[in-house]
Amino acid sequence: MPSPPPTSPAAAAAGYFEFRSAEHVPETHEWPGLHDHPSVDAVAVAGRDDAVPVVDLGGGDPAAVARALARAAEEWGAFLLVGHGVPAGVAARMEEQIARLFALPAADKDRAGRRPGEMNGYGRPPYALRFSRLMWSEGYTFAAATIRDEFRRVWLDGGDDYLRFCEVMEEHHREMMALGKRLVDVFFRALGLTDEQIAAGETEREIRETLTATMHLNLYPKCPEPERAIGLAAHTDSGFFTLIMQSPVPGLQLLRRDPERWVTVPAPPGAFAVVLGDLFQLLTNGRFRSAFHRAVVNGDRDRISVPYFLGPPGNMEVAPLAAAVPPGRKPAFRPVTWPEYMRVKGKASGLDASALAMLQVPEEGGEGGVVPPKN
Ligand SMILES: C=C1C[C@]23C[C@@]1(O)CC[C@H]2[C@@]12CCC[C@@](C)(C(=O)O1)[C@H]2[C@@H]3C(=O)O
Ligand SMILES: O=C(O)CCC(=O)C(=O)O
Ligand SMILES: [Fe+2]
């Protein structure tokens, strides 16, 4: 079946076409193997707990919150975050502005098309280049620190539409950065650090205070044949952790094992999904794990998601925290910067090997064994 024609040169380079007029999923966007593992709802049934953990930051006993977080981070590498105090209006304003951005004429989005080797811009996320098939989504990536410069590429006149868009993105950035910093301390507590150790620890302070943020806007248009297409193919995020704002339309799925199945994360209004990344697994010496996840599409409704990727600055060497390494043992991973990790991950995907496993330091007289099997 022929694909509908791309709407512009950058759209063609990005692999996009006019989703709105598609009556079928064309071959270019059809993914084999999507149903190799069943998709299940997030519920606990006899003998199997598929209920995605919920962490409530609001007002409970801090030790109990830290315990809930530790369990979620160890067993799932992901959870739903509630009681975070971010006003509901932020998500509503984000949805409105993102829908407006993606509804702009292709020529406006074209100007911001991501060029090869660049991180920022409109287009396919970096890992998409590994696949021969295209995903059922439009995306826009930008460093949260450069919102005003970035979006002058789209709105050349810098007028009211541009200003309103930037204000809303900046509001989200402020809220997410403050929440991310709070959450970092709860993660430290979940690792067993006391409040005094968290306050006095130089590495802990550096991690919290130098956090960098990248935002990625995803639009998953409703799809005429949702079971044949994928919104975002399965992957792990590479940074520390990702705060995901999502429309009240489920789509995010987490891979669970024994038996392998995709658990659909609920999307209650106001909750953020949190997904741990590879560098957090390394930082916690393998105790907290990154989550293999994907986004499926919906037959009736568009879905928007905004992952807010938190990680170290590019020049920071990330190494296992002393608090996470058992007494008398050596760290399980060698130190690595985020850009270096991305290069290792790029090579590892070519070799069909796990990037984290390539950074593992073999235990004296043992084999390590903190990296789960490659997905
Ligand atoms: C900070 C980043 C995380 C990310 C790579 C990026 O530089 C910007 C886009 C992010 C994203 C979004 C879609 C999935 C993903 C794997 C990708 O290719 O681009 C993630 C990257 C990541 O977490 O490694
Ligand atoms: O859409 C989602 O819920 C997940 C998005 C995601 O995983 C990503 O952009 O890295
Ligand atoms: Fe992701």
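FYI, the numbering just counts along the sequence from 1.
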Evaluate the criterion side chain to side chain contact (heavy atoms under 4.5 Å, CB included) for residue pair V43 and D50; output intermediate values, then yes/no. CA-CA 5 Å; V43 288; D50 282 340; 5.5 Å; no
For the backbone of [Y] and the side chain of [X], can you confirm whether one donor and one acceptor N or O come within less than 3.5 Å of each other?
X    : Y    : result
E225 : V25  : yes
S354 : A357 : yes
H29  : R228 : no
R189 : L193 : no
T212 : G311 : yes
R114 : M119 : yes
W136 : L232 : no
R261 : P259 : yes

Taking the six-membered ring for Trp, is the centroid-to-centroid distance between F142 and F151 below 6.0 Å?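 Yes, ring centres under 6.0 Å apart.
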Test of ring centre spacing under 6.0 Å for F187 and F280: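 Here the rings of F280 and F187 have centres that are less than 6.0 Å from each other.
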Stepwise, does the side chain to side chain contact (heavy atoms under 4.5 Å, CB included) test hold for R289 with L276? CA-CA 7 Å; R289 35 161 305 199; L276 271 53; over 6 Å; no
Within a strict 4.5 Å, meaning less than it, do heavy atoms of the [X] and [Y] side chains meet?
X    : Y    : value
S247 : Y220 : no
R256 : R48  : no
Y122 : R111 : no
S349 : H235 : no
I207 : L283 : yes
P266 : L80  : yes
M215 : M94  : yes
K222 : D302 : yes

Looking only at heavy atoms, what is the nearest atom pair of [X] and [Y], with distance?
X    : Y    : result
P224 : E23  : CB-O, 3.3 Å
L163 : G158 : CG-O, 4.0 Å
R303 : A295 : NH1-CB, 4.0 Å
N285 : A332 : OD1-N, 2.7 Å
V82  : A271 : CG1-CB, 3.8 Å
N120 : A143 : OD1-N, 3.4 Å

From [atom1] ([X]) to [atom2] ([Y]), nearest 0.5 Å:
X    : Y    : atom1 : atom2 : result
L282 : S238 : CG    : OG    : 12.0 Å
N218 : T141 : CG    : OG1   : 8.0 Å
L217 : E95  : CG    : CD    : 11.5 Å
I198 : R208 : CD1   : CZ    : 7.5 Å
S137 : F19  : OG    : CZ    : 6.0 Å
R93  : M169 : CZ    : CE    : 11.5 Å

Only one of K109, E150, H216 forms a side-chain hydrogen bond (donor to acceptor under 3.5 Å, both in side chains) with Y140, so which one is it?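 Exactly one pass, corresponding to E150.
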Applying a strict under-4.5 Å side-chain criterion to I, L, V, M, F, W and Y, I'd like to know whether [X] and [Y] cluster together.
X    : Y    : result
V306 : V274 : yes
F292 : W76  : no
F333 : M342 : yes
L356 : V318 : yes
F79  : M176 : yes

Results of salt bridge (Lys or Arg N to Asp or Glu O under 4.0 Å) for D237 - residues two or more places apart only: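 Salt bridge (Lys or Arg N to Asp or Glu O under 4.0 Å) check on D237 returns nothing, list empty.
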If you draw a 6.0 Å radius around CZ in R115, do more than 12 non-hydrogen atoms from other residues or ligands fall strictly inside?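 No, the 6.0 Å shell around CZ holds no more than 12 heavy atoms from other groups.
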Residue D160 excluded, over 12 heavy atoms near CG under 6.0 Å: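 Counting other residues, nucleotides and ligands, CG of D160 stays at 12 neighbours or fewer.
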Taking side chain to side chain contact (heavy atoms under 4.5 Å, CB included) as the test, write out the residues that go with M177, two or more places apart.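 Expected list: H173, K181, L211, A213, Y308, L310.
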Would E170 and R148 satisfy salt bridge (charged side-chain N to carboxylate O under 4.0 Å, His left out), going step by step from the backbone distance to the final call? CA-CA 9 Å; E170 285 169 352; R148 300 245 163 189; 2.8 Å; yes
Walk me through whether L191 and F288 qualify under side chain to side chain contact (heavy atoms under 4.5 Å, CB included). CA-CA 9 Å; L191 280 174; F288 297 166; 3.7 Å; yes
Less than 4.0 angstrom from a charged side-chain N to a carboxylate O is my criterion; do [X] and [Y] meet it?
X    : Y    : result
E167 : R164 : yes
R205 : E209 : no
E74  : R287 : yes

Show your working on side chain to side chain contact (heavy atoms under 4.5 Å, CB included) between L183 and L81 and close with a plain yes or no. CA-CA 10 Å; L183 208 49; L81 185 67; 4.1 Å; yes
Which residue pairs pass the side-chain hydrogen bond (donor to acceptor under 3.5 Å, both in side chains) test when at least one of the two sits in residues 311-325, sequence neighbours left out?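 Matches after skipping sequence neighbours: none remain.
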Starting from the C-alpha separation in whole Å, work towards a yes-or-no answer on side chain to side chain donor-acceptor pair (under 3.5 Å) for D278 and T236. CA-CA 7 Å; D278 298 335; T236 54; 3.1 Å; yes
